[in-house]
Structure formats: C-alpha cells, structure tokens
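Please read these numbers as outputs of a predicted model, since none were measured by experiment. So that the names make sense, note that chain A is the first sequence line, chain B the second, and so on, each numbered from 1.
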Number of protein chains: 4
Amino acid sequence: MNEPLYDFRSDNVGGASPEILEAIVAANTGTAAPYGDDDFTRRMNERFTTLFEHPVQVFPLSSGTGSNSVALSALANPYGAIYCHETAHINVYECGAPEFFTGAKLVGLPGRDFKLEPAALDDALALAGRGNPTRVQPFALNITQPTDFGTLYSIEEVAALCAVAHRHGLRVHMDGARFANAVAALGCSPADLTWRCGVDVLSLGATKNGAINAEAVVVFDPQLAREIPYRMKRGGQVLSKARFVSAQLERYVADDRWLERARRANAHATALAGALTALPGVSLVAPVEINMLFLRVPGTVVAELDRGPFRYYKLGRDVRFVCRHDQEPAGQEALVRCISEAVLPSR
Amino acid sequence: MNEPLYDFRSDNVGGASPEILEAIVAANTGTAAPYGDDDFTRRMNERFTTLFEHPVQVFPLSSGTGSNSVALSALANPYGAIYCHETAHINVYECGAPEFFTGAKLVGLPGRDFKLEPAALDDALALAGRGNPTRVQPFALNITQPTDFGTLYSIEEVAALCAVAHRHGLRVHMDGARFANAVAALGCSPADLTWRCGVDVLSLGATKNGAINAEAVVVFDPQLAREIPYRMKRGGQVLSKARFVSAQLERYVADDRWLERARRANAHATALAGALTALPGVSLVAPVEINMLFLRVPGTVVAELDRGPFRYYKLGRDVRFVCRHDQEPAGQEALVRCISEAVLPSR
Amino acid sequence: MNEPLYDFRSDNVGGASPEILEAIVAANTGTAAPYGDDDFTRRMNERFTTLFEHPVQVFPLSSGTGSNSVALSALANPYGAIYCHETAHINVYECGAPEFFTGAKLVGLPGRDFKLEPAALDDALALAGRGNPTRVQPFALNITQPTDFGTLYSIEEVAALCAVAHRHGLRVHMDGARFANAVAALGCSPADLTWRCGVDVLSLGATKNGAINAEAVVVFDPQLAREIPYRMKRGGQVLSKARFVSAQLERYVADDRWLERARRANAHATALAGALTALPGVSLVAPVEINMLFLRVPGTVVAELDRGPFRYYKLGRDVRFVCRHDQEPAGQEALVRCISEAVLPSR
Amino acid sequence: MNEPLYDFRSDNVGGASPEILEAIVAANTGTAAPYGDDDFTRRMNERFTTLFEHPVQVFPLSSGTGSNSVALSALANPYGAIYCHETAHINVYECGAPEFFTGAKLVGLPGRDFKLEPAALDDALALAGRGNPTRVQPFALNITQPTDFGTLYSIEEVAALCAVAHRHGLRVHMDGARFANAVAALGCSPADLTWRCGVDVLSLGATKNGAINAEAVVVFDPQLAREIPYRMKRGGQVLSKARFVSAQLERYVADDRWLERARRANAHATALAGALTALPGVSLVAPVEINMLFLRVPGTVVAELDRGPFRYYKLGRDVRFVCRHDQEPAGQEALVRCISEAVLPSR
C-alpha cells in the first residue's frame with residue numbers, strides 16, 4: 001500500500017481505536033439472537049440511557065446515510081417537507097437517500113456560517129402553505145451538528161431552532177455524524193445538546209471517531225420508535241449480527257475516550273487554523289470550531305499541495321483539511337510549511 | 001449472559017471465525033479512502049475474480065437484505081416484475097426491501113421442494129403480458145440458492161431456469177446468503193454455479209458462515225455494475241470504512257476454510273436428519289441438503305423441546321433447526337434424545 | 001372509423017349517457033375554483049351522502065387505477081401488506097400502481113370463484129408475522145366487488161371478510177369499478193354493500209357505466225380522509241377543473257338510470273350465458289353474476305370468432321365477453337349464432 | 001352559486017370553449033378501444049405531428065401535474081437530479097409529484113425574472129459531482145415556459161439553456177401548462193419553441209385555455225416514448241376513455257382559436273398592467289409577458305380589494321391577477337378603479 005504520508009481527507013480514513021477492536025473481539029463469544037434482539041444491544045441501550053440521562057431507544061446500524069434516512073422516515077410523511085440548511089449533508093452528500101427513505105422533499109434554506117437561522121426558518125414555515133394540497137407539508141427539521149463546514153450551533157441556537165420547529169408542528173432530527181466533536185467543543189453534556197433543547201431523534205455517528213461502521217439512531221420519544229424496526233428492515237439497515245455494532249457503541253461511550261479523541265482532533269484543527277490564517281492570501285471559508293478547516297487559497301497553493309505528500313479534498317476553489325485525533329504532528333508541520341512556501345516570497 | 005446452551009435458531013447466531021477477526025485487526029493500519037475506494041476493496045475484488053474465474057465487480061456491504069435489494073435494483077425497472085419462488089427469502093422475509101429498492105413487483109410462483117420449475121416459469125412468462133401496459137413487465141428472475149427451506153438447485157436446474165429467463169429477456173439474480181453451503185454440498189466451483197449457468201448477479205453472504213456483517217454483490221456483467229454505486233448510496237448501503245468489510249471478504253475466500261466450515265455444518269444437519277427421521281411421527285418438510293432441517297413433529301415434541309435447553313424457530317406447526325459448523329456434539333445429542341423421548345413410548 | 005360491428009371487449013368501450021353529457025354542458029357556466037374546491041363538488045358530496053345514508057367525503061378523479069391507489073394509500077403504510085384475491089384487478093392489471101402509491105406489498109390469496117374466503121384470510125393473517133420486522137405488516141384488505149371475473153360477493157360474504165379484517169386490525173377497501181353492476185345484481189342499497197358491512201373506503205367507478213373518466217374515492221371514516229388531498233396531488237390525481245367530473249358524478253347517482261343501465265347490462269350477460277352454455281363444449285369459467293362472461297371454448301370457436309365481426313378479449317385459452325347496457329340485440333344474436341355454428345355438427 | 005363577479009384567480013377557473021364541448025359530444029359515437037388505443041387518439045397524434053412539423057408521440061392525460069411527472073420520469077433515474085428554477089411549478093406547487101414519479105431530486109436554481117440563466121446552469125452542472133456516488137447525478141432540465149410568474153423565455157434563451165443541458169448530458173423537459181400563451185406572445189411556431197431549440201419532451205396544457213382536464217405529453221424523441229405507457233399506468237395516468245381527451249386535444253389545435261384565445265388573454269393582462277403600474281405605490285413583481293400580473297401593492301390596496309367583488313390570489317404580500325380570454329371588460333375596469341381609489345388621495 002502506498003497511501004500518502006499525510007492524510008487530511010476525512011476522519012473516516014482513520015482506523016479503529018484499540019478499545020473498539022477489543023469490544024469486537026470480546027463480543028465474539030457464544031451465540032446471540034440476530035437483528036438486534038441480543039444482550040449486547042440491550043446493554044448498549046442502557047448505556048445510552050445513562051449517557052443521555054433520559055430513556056432512549058437506540059438502533060444500531062452501519063451507515064451514517066442509513067441512520068439519517070431511517071431517523072427522518074420516522075418523522076416525515078411521503079407528502080412532507082424536511083427543512084434543512086441548503087448545505088446540509090442530507091441535502092448534498094447522500095445521493096437522495098433521505099428522500100428515498102421518506103418520500104418527502106428536502107427544503108434547503110440559506111444561512112450564515114452554513115447554519116440555519118431561527119427567524120429565517122420561522123419565515124419559511126409561515127409561507128410553506130400549511131393545509132394547501134399543492135404544497136409539500138412541513139414535517140421535520142434537520143439540524144446538522146456540527147455542520148459539514150465545521151461550524152457549530154450553540155445550545156441556545158439549537159434550542160431556538162427546535163422551538164420554532166415545534167411551534168409549527170415539526171419534529172427535529174439532529175445529524176450528529178460528528179456528535180463527539182460537537183460535545184467536546186461545546187463542553188456540554190449529550191443531554192444538553194439534544195432532548196433538553198428539543199431534539200426528537202439523533203443520528204449519532206461513531207465511525208468518524210474511532211469505530212468501525214457503527215452508527216446509532218437515538219430516539220428520545222418512544223412513540224417515534226415504534227415504526228423504526230420496519231423502516232430499517234425495508235431499507236436493508238438491520239444487521240444480522242447486530243451485536244458486533246452494539247458492542248462497539250456500548251464501549252464507545254463507556255468512558256471518556258470518545259470525547260478525548262474528539263477534543264484532540266478539534267485542537268489539531270484549531271492549531272492548524274492559527275498557523276495558516278496568519279499567512280497572506282489564505283482565508284477561512286468558515287470559522288474553525290471542530291476538526292475541519294475550509295480555506296480559500298491562491299491557485300499556487302493548490303499546485304504546491306498537489307506536489308506534496310498530502311491527501312485532502314477540493315471543493316470548487318476551496319480546500320478542506322480534516323484533522324484526526326491520531327494525526328502525526330509531522331503532517332501538520334509539513335502542511336503549514338508547504339502552504340507557507342507557496343504564499344510567502346522566497347527569501 | 002444466560003443464552004441457552006444449544007442454539008439451533010440460525011447460522012447467524014454464531015460468532016466470527018478466527019481468521020476473520022484477524023483480517024479486521026490487520027486492516028486497522030494506516031489510512032484508507034472511504035466508501036470502497038481503497039486497496040483492501042481492490043484486493044478483495046481481485047480475489048473474487050480469481051475465485052470466480054471471471055472478471056467480476058464486487059460491492060461490499062453489511063446487510064444481506066441490502067445486498068439482494070441493490071443487486072435487483074440493477075436488474076429491474078420500477079414498472080417491472082421480479083419472478084421468484086413464492087417462499088423466496090426476498091418475497092417473505094425482507095419486509096418489502098426488494099420492492100422498495102427496485103419499485104418492481106415480486107411475482108411468487110409455486111414449485112416442489114420450495115424450488116422454481118423451468119416449465120412453470122416458462123408458462124408464467126408466456127402469460128405475463130409482455131408489451132401490455134396494464135401489466136408489470138418481466139425484468140428479473142431470483143433464484144434463492146440454497147432455498148430458505150434448505151433445498152438445493154442442481155447446476156442443471158439453475159442452468160435451465162437461467163435459459164428460460166434469458167429467452168424471455170430477463171436477467172438472473174442469485175440470492176446466495178448461504179452460498180458456501182450450496183457450493184460445499186454440490187461440490188462444484190463457484191463459477192459452475194453462477195455465470196457458467198447464466199447467473200448475472202450474485203448476492204454472496206459471508207455473515208452466516210463466519211464473517212461479521214459482510215456481504216458482497218458480485219456482478220458478472222460490467223454493464224450492470226455502472227449504476228450500482230448510486231443505487232447503494234441512495235439506499236444507505238455504502239460503508240464509510242468499507243475496508244473492514246472488504247478485508248473480511250478477501251480473507252473469507254482466501255483459502256478453503258469457508259467451504260470446510262460449510263461442509264461441517266451441512267454434515268451436522270445430515271446426521272441430525274438421519275437420527276430424527278428414524279423416529280415415529282417425525283417427518284421432513286423438505287429434503288435436507290445443506291445445514292437446515294424442517295421437521296413436522298407431534299405437539300408433544302414441541303412441548304418437550306420448549307422445556308429443554310434449546311433455541312430454535314417454529315414455523316406454524318413445523319420446527320426448524322439450523323446447524324453451525326462449530327455446534328457442540330452435545331447439543332445434537334441432547335436434541336435427538338429430547339425428541340426421541342417425546343415420541344417413543346417410555347419403557 | 002371502421003370499428004367492428006359488435007364490440008364485447010369491455011364496458012369502457014362505450015360512450016357517455018345522455019344525462020352525463022348534459023351535466024358536462026350544464027357545468028360549463030361561470031367560473032369555479034379549481035382542484036375540487038367548488039360548488040359542483042360540494043353538491044356531489046351531498047348527493048353521495050344521501051345515496052349512502054351516511055356522511056361521506058368524496059374525491060373526484062379521472063382514473064380507476066388512480067382511485068384504487070389513492071384509496072389504498074390512505075390505509076397502508078410503506079412497510080405494509082394489502083391482502084387481496086390473487087386475481088384482483090389491483091394485483092394484476094394496474095402495472096404496480098397500488099404498490100407505487102402505497103409502498104406496500106400486495107399479498108394475493110387464492111379462493112373459489114375468484115373470491116376471497118374469510119377462513120383463508122383469517123389463516124393468512126394469523127401467519128402474517130404481526131410484530132416481526134422481517135415481515136410486511138397487514139394494514140388493508142381489498143375486496144374487488146364485483147370481481148374481475150364477473151362474480152359477486154354476497155352482502156354476508158363482504159361482512160364476514162370485513163369482520164376478519166377488522167379483528168386483525170386491517171381497514172377495508174372495496175374496488176367498485178363496476179359498483180353499479182353489483183348493486184343492481186344484489187338488489188341492495190349502496191349502504192348495505194359498503195359501510196354497513198364494514199367497508200372503510202370505496203372506489204366507485206362511473207366510467208364503465210355511462211360516464212366519461214369519472215371515478216370517486218368515497219371515504220366513510222373522516223379520519224381516513226385527512227391525508228387524501230395530499231396523496232392525490234402527489235400522485236397527479238387532482239383535477240384542475242374538477243367540476244366537470246363532479247358534475248358527472250352528481251348526475252350519475254341523481255336518479256335510477258345508473259342502476260337501470262347496470263341491470264340491463266347484467267341481463268344481457270345472463271341471456272347470453274343461457275344461450276351459450278347450452279352448447280356442447282362450451283363451459284363457464286365463472287358464474288355469470290353481472291355483465292361479463294368467461295367461457296372455455298374449443299379452438300375452433302376462437303377461429304370462427306376471429307373471422308366474424310366481433311371484438312372481444314382472450315385470456316389464455318379462455319374468451320371474455322362484456323355486455324353493455326346499450327348493446328345491440330343483433331350483436332348478441334350474431335355471437336350465439338357464430339359459436340353455435342362452430343360447435344354444432346353442420347346439418 | 002354565489003361566485004364572485006370578477007374572478008382573477010387563475011385561468012383554470014374558466015369553462016370550456018364551444019368547439020371543445022362540440023368535440024366531446026362528437027366523440028360520443030360508437031365504441032372505441034380504451035386506454036388510448038383508439039382512432040381519436042391516433043388522429044390527435046397526427047394533428048400534433050403536423051402542428052409541430054415533426055413526428056411526435058403524444059400521450060393524452062387529465063392532469064398537468066401528471067403530465068409533468070410522467071414526462072420527467074422518462075428522463076431521470078431514481079438517483080438523478082432534475083434542474084429547474086427555484087420557483088418552478090414542479091418545484092413548488094405539485095406536492096412532490098415529480099419526485100414521486102421519478103425518484104429524482106429537484107435542484108432549484110435562482111435566476112432573474114424567475115428564469116434560469118445559462119451561465120448559472122453551466123456553473124451548477126460543472127459543480128454537480130458527475131460520477132461521484134454521494135451526489136445525485138444530473139439527468140434532466142426543466143424549463144417552465146411561461147414561468148409561474150408570467151415571464152417568458154425568448155427562443156434564444158430556451159436554445160441556450162438546452163445547449164448547456166445537452167453539453168452536460170441532460171435531456172430537456174418543457175412545462176408548457178400555458179404553452180398557448182407563450183406561443184401567442186412570442187409569435188413563433190410551436191416547433192420553434194420546442195424541438196428546434198432542443199426540447200426533448202413537452203408537457204402541453206390545454207386546460208387553462210379552453211379545454212376540460214386535457215393535457216398532453218408530447219415526445220420528440222421516439223426512444224424516450226417507449227417506457228411512457230408503463231410509467232403512466234403505474235402512475236394512474238392512463239384514461240379509460242381516452243378518446244374524450246384526445247378528441248379535445250385534436251380539436252384544440254385544429255385551428256387558430258387556441259392562439260386567439262391566448263392572445264386575447266395576454267392582451268388583457270398587458271392592458272391591466274398599463275393601467276395599474278401608472279398608479280403610485282403599485283409596482284410589478286415581474287414583467288407582464290403573458291396573461292398574469294404580480295403586483296406589489298400597499299396594504300390598503302389589499303384591504304380594499306378584499307371588500308370588492310374580486311377573486312384573486314395573494315402570495316405573501318404580493319397579489320396575483322390572471323386574465324382569461326373571456327374576461328368581462330367590466331371586471332378589469334372595476335379592478336383598476338378599486339386599486340386607484342385605494343392609492344390615490346381622495347379628492
């Protein structure tokens with residue numbers, strides 16, 4: 001394998017954390033009922049109930065797209081509308097899966113820093129044509145926390161959005177593919193960021209933070225959970241040997257390592273941002289609040305980066321770097337050096 | 001955990017084989033591109049090309065239902081019909097997932113020993129109303145090999161069904177959730193049982209035979225593969241860290257252990273069938289050709305079984321026992337003893 | 001136009017009744033709100049409420065397939081099952097529209113005279129796997145009254161089926177594409193045949209009995225009606241100038257002509273059956289209870305028919321004749337003569 | 001009926017033109033094969049071939065939403081994207097029908113005067129992620145001509161959009177619910193506005209201009225027509241007695257009356273706009289190019305209008321007036337007077 005030395009493409013290019021692998025190996029004992037009707041899944045559910053300080057029903061699955069789509073299918077009818085930011089992951093990067101699972105239409109709204117704004121949401125819902133059969137009917141709000149551009153909603157912002165949504169009769173889904181990074185950055189409890197704010201269903205991702213294809217649909221309202229097993233099966237989201245995902249999820253939140261990793265990854269991005277934005281011609285596309293940087297850079301920088309031992313993504317003329325908790329310091333140094341040399345006049 | 005001692009519920013209640021766990025651990029090194037664009041997946045694809053003696057495109061995923069549904073979505077249009085046995089897994093036990101992914105209608109045909117019959121298929125297709133817009137149009141044939149009742153199509157039977165299907169313009173999908181058991185029982189090569197017979201797409205399951213949520217869509221015709229990545233993403237079937245499933249699949253077929261396990265499981269069922277069918281009042285619902293037994297037994301047997309340390313499934317008044325490669329001899333002995341005592345007059 | 005002289009293909013090959021055309025012309029006055037929010041539609045709804053002796057909500061549309069599909073979409077969830085006879089129109093001749101609109105799976109049951117049987121339905125529902133997420137969940141029962149083979153359920157049979165359905169938690173849809181023929185033949189009231197028996201939603205067709213693309217979804221339970229406007233719009237079933245369909249429907253049931261026409265058509269079929277079944281080699285595929293005959297005839301008859309001035313449909317080796325209220329006596333006589341000559345030894 | 005005296009709500013509140021009613025009555029003779037396999041439909045198809053100076057395949061149906069959705073379903077795959085203006089009718093006022101029929105996602109773009117702009121479309125398509133399975137793939141472009149805000153694309157603008165679309169591999173659908181108004185206003189031929197510009201499929205509406213629930217899917221490329229009968233049936237869009245819609249469509253374009261009506265309606269709007277925009281505080285939301293006006297008016301005007309004998313629609317704080325060909329001059333005068341009195345200081 002000749003993978004590049006320094007990989008900033010995404011946090012899902014990394015591997016599994018040691019305790020996650022241990023959990024998989026430990027789960028490999030005896031027999032267990034398939035499809036999530038097993039003790040590993042039950043223990044995981046208890047663990048999440050403790051973590052969230054609230055009775056929850058947790059459904060383990062392997063795909064983040066599946067997790068979002070299943071969660072939304074419990075909230076929106078086929079003639080429904082799901083409101084989200086126009087740059088939301090569900091609106092741009094899931095190839096229509098949320099629409100497929102729900103039958104509903106995604107309505108993307110603009111908003112500063114890639115975040116929804118309560119007043120704009122309120123306006124949009126007021127004009128949505130509630131009761132008019134020619135219009136899709138508002139059913140759900142999606143909050144991507146953190147956003148795909150690495151920005152964060154404060155707890156107050158989440159609460160304000162949920163309040164608007166609930167006032168208009170919508171339920172709220174949080175896409176927490178990087179939930180750990182959000183909790184770590186905000187220094188809050190998982191409960192504070194979710195049901196206490198008014199979130200009805202959370203898609204909590206563990207894959208980008210040390211797990212192996214382990215995602216969870218966390219349902220705070222038992223009424224919403226009733227249909228989910230059928231929706232999951234119909235969507236090919238039920239795992240035959242669910243215990244191996246549930247065991248990961250249980251271990252994932254069993255201690256503080258998930259948050260420590262997230263904090264470390266976030267800190268790497270902050271440091272990188274500090275070093276890079278000091279350079280002439282380099283500017284941030286969005287505030288750096290978790291482990292991702294989006295930079296606007298001169299074309300010379302891109303050319304230079306492409307010559308180096310780096311892997312990263314381009315979005316139009318911008319570049320994205322994602323930091324992992326286990327990223328080598330040498331990689332960050334090399335990246336800063338490379339960009340510096342491209343923008344600074346040679347001495 | 002107080003799981004029962006002797007578990008005959010299904011082959012997916014078992015754990016992972018040692019080499020599979022090793023493969024997962026070994027894959028946990030360095031970074032790898034997400035979504036299947038990685039070297040583990042490429043090597044797996046090469047391995048399958050060798051195994052099948054034919055260039056194949058292999059898509060790794062976590063769910064057998066997802067695998068069947070994705071494969072079928074490459075074959076059938078939304079106004080299409082997919083022909084299958086009326087007891088086919090896709091028709092009974094996937095909560096409508098194949099219809100959801102394809103938009104097509106499943107047309108279940110009767111047939112001896114839970115198998116499709118070429119002449120009956122031919123008749124059905126002749127009466128299907130090709131070209132009549134009020135009728136769903138035949139697009140695909142599903143062959144479940146082995147069947148959900150543990151019976152097997154011979155290579156000649158598969159070839160005859162494929163010939164009928166192709167003559168009517170249908171493509172053929174094989175649901176090989178227990179493909180290993182079929183290959184082991186028939187003593188043929190994977191190629192003999194698939195593309196050489198006319199199978200266009202195979203869903204090969206590894207989960208029931210030692211892997212952890214590892215399934216493969218194996219496409220024999222490159223034209224059919226083009227849409228699959230989009231169909232998969234839209235269905236939430238793309239894995240973020242696909243390498244961990246691809247590594248399992250690569251190791252799964254890297255040597256003969258997958259077939260040895262299947263042979264062992266099959267042999268257990270044969271032995272069990274021999275012992276049980278000798279008993280009065282006990283009869284087979286279907287020939288025992290792989291690792292599953294369906295028995296018709298007196299009510300007293302069911303009552304007795306439910307008192308014992310057994311886990312198994314009931315289907316109406318019948319009972320099902322599935323044998324795993326690693327099943328304890330004591331379990332089989334206990335099972336035979338229990339049923340014997342229920343049906344034989346006490347001395 | 002050189003249409004054949006004697007047309008037995010279907011009742012929808014006929015034209016419009018005079019009063020229906022008058023109603024269309026009369027509706028062409030002034031302006032009216034679109035999409036069914038008009039006085040013609042309101043008056044039609046009142047008329048149906050009177051006719052059915054029960055408050056109903058009636059949705060006018062143009063397509064019988066649309067009517068069935070919309071009605072069923074109010075009853076079944078996407079992971080649901082809709083039970084019907086295996087030969088039901090919705091299962092065979094609507095190109096998957098009911099599945100498309102509902103997302104549910106149609107489960108076809110066998111049954112004598114092309115009719116569902118309460119005991120068999122009860123058995124099927126008992127084995128349907130209620131609560132098991134791998135199985136589609138029973139939501140609705142479809143009763144096609146009359147059946148596509150021209151047989152009729154008695155009121156008692158409808159009531160018995162509804163009772164079974166309701167006991168298992170299913171709602172009941174009646175496909176009444178030829179509702180007039182059923183009411184005429186049974187000599188009952190529309191109420192007796194529907195909500196008094198337990199029918200929840202009726203698709204009432206007027207097109208085959210003198211109207212022009214005029215169908216009605218008749219909802220007996222107001223709760224079920226709430227979603228229908230959205231389901232209709234999403235399915236392209238809302239009519240821009242709905243008044244022209246509502247005016248037809250209102251006039252259709254405003255006096256007894258709809259039933260007189262149906263009685264006449266039924267009587268034609270009875271007479272034809274009497275004359276034809278007396279002939280050697282000619283047998284009925286199904287009892288003739290409305291305006292349709294299905295005959296099994298020798299191949300010589302088919303050959304002879306194809307030489308004559310007839311239009312009719314073949315189903316495999318059987319032939320179908322549908323009688324219209326305005327069919328010329330000469331056509332019937334010619335048909336009897338033609339078949340007689342084919343089967344009787346020439347003198 | 002106490003409908004208001006002056007109805008500016010929409011053009012579909014009007015009735016049928018005399019020749020259309022005559023065509024319906026004339027079609028009521030003899031029998032005709034159902035589902036569009038009749039001579040009326042064949043003659044209509046020939047008439048459209050003449051009108052468009054190009055061999056076309058025309059599918060008659062009753063719903064404009066159905067027409068758009070069926071047409072698009074021939075162009076876009078389930079993982080596809082359909083590009084349109086963000087205010088396009090298909091994107092806002094069809095309750096998700098286009099998504100339902102296609103499975104694709106609508107991507108709404110901004111653009112001056114409610115029209116798509118070629119350069120912006122080109123940019124959007126360049127960034128659409130062709131070949132990236134996480135992104136829906138561009139399949140079709142929708143041009144709503146005229147737009148829902150009464151603006152018109154010039155022939156050159158349509159051609160430029162089609163050129164961009166085709167260069168990126170998209171097919172083009174034109175939503176011509178008010179096609180007559182566009183042809184009348186531009187003074188061009190139907191051919192000039194459609195296939196000569198690069199339009200692949202046209203939804204031509206007759207309902208808003210004198211017909212009764214009569215719409216046509218006009219396909220310029222025979223390849224695209226092959227699947228349409230199945231897509232229509234599955235969508236409940238096939239008419240049992242299609243002859244009564246085909247006869248309308250045939251008569252609709254048989255002489256110049258359809259364009260005369262459209263010209264008259266357009267002229268009414270132009271006159272109205274001239275009178276109203278001279279008033280202080282009254283401004284046009286969009287140029288008046290067909291038979292619709294969107295005005296921004298002071299709140300006092302709305303209050304005054306609501307007291308008068310008018311029917312019209314409000315969109316947020318704007319008001320919409322649609323002119324019909326047969327609108328009474330008194331209505332227009334009353335409207336101008338009412339608004340004048342509201343905005344002008346009383347003498």
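Counting non-hydrogen atoms of neighbouring residues, nucleotides and ligands closer than 6.0 angstrom, the CZ atom of A:Arg226 reaches no more than 12 such neighbours.
Atoms CZ and OH, from A:Arg231 and C:Tyr79 in turn, are 6.0 Å apart once rounded to the nearest 0.5 Å. With rounding to the nearest 0.5 angstrom, the CD atom of C:Gln137 is 13.0 Å from the NZ atom of A:Lys233.
Of all heavy-atom pairs spanning C:Thr134 and A:Tyr35, the tightest one is CG2-CE1, 4.5 Å.
Residues A:Pro133 and C:Met232 have side chains not in contact (no heavy-atom distance under 4.5 Å, counting atoms from C-beta outward).
Of the two parts of C:Asn77, only the side chain, counted from C-beta on, holds a non-hydrogen atom closer than 4.5 Å to a non-hydrogen atom of chain A.
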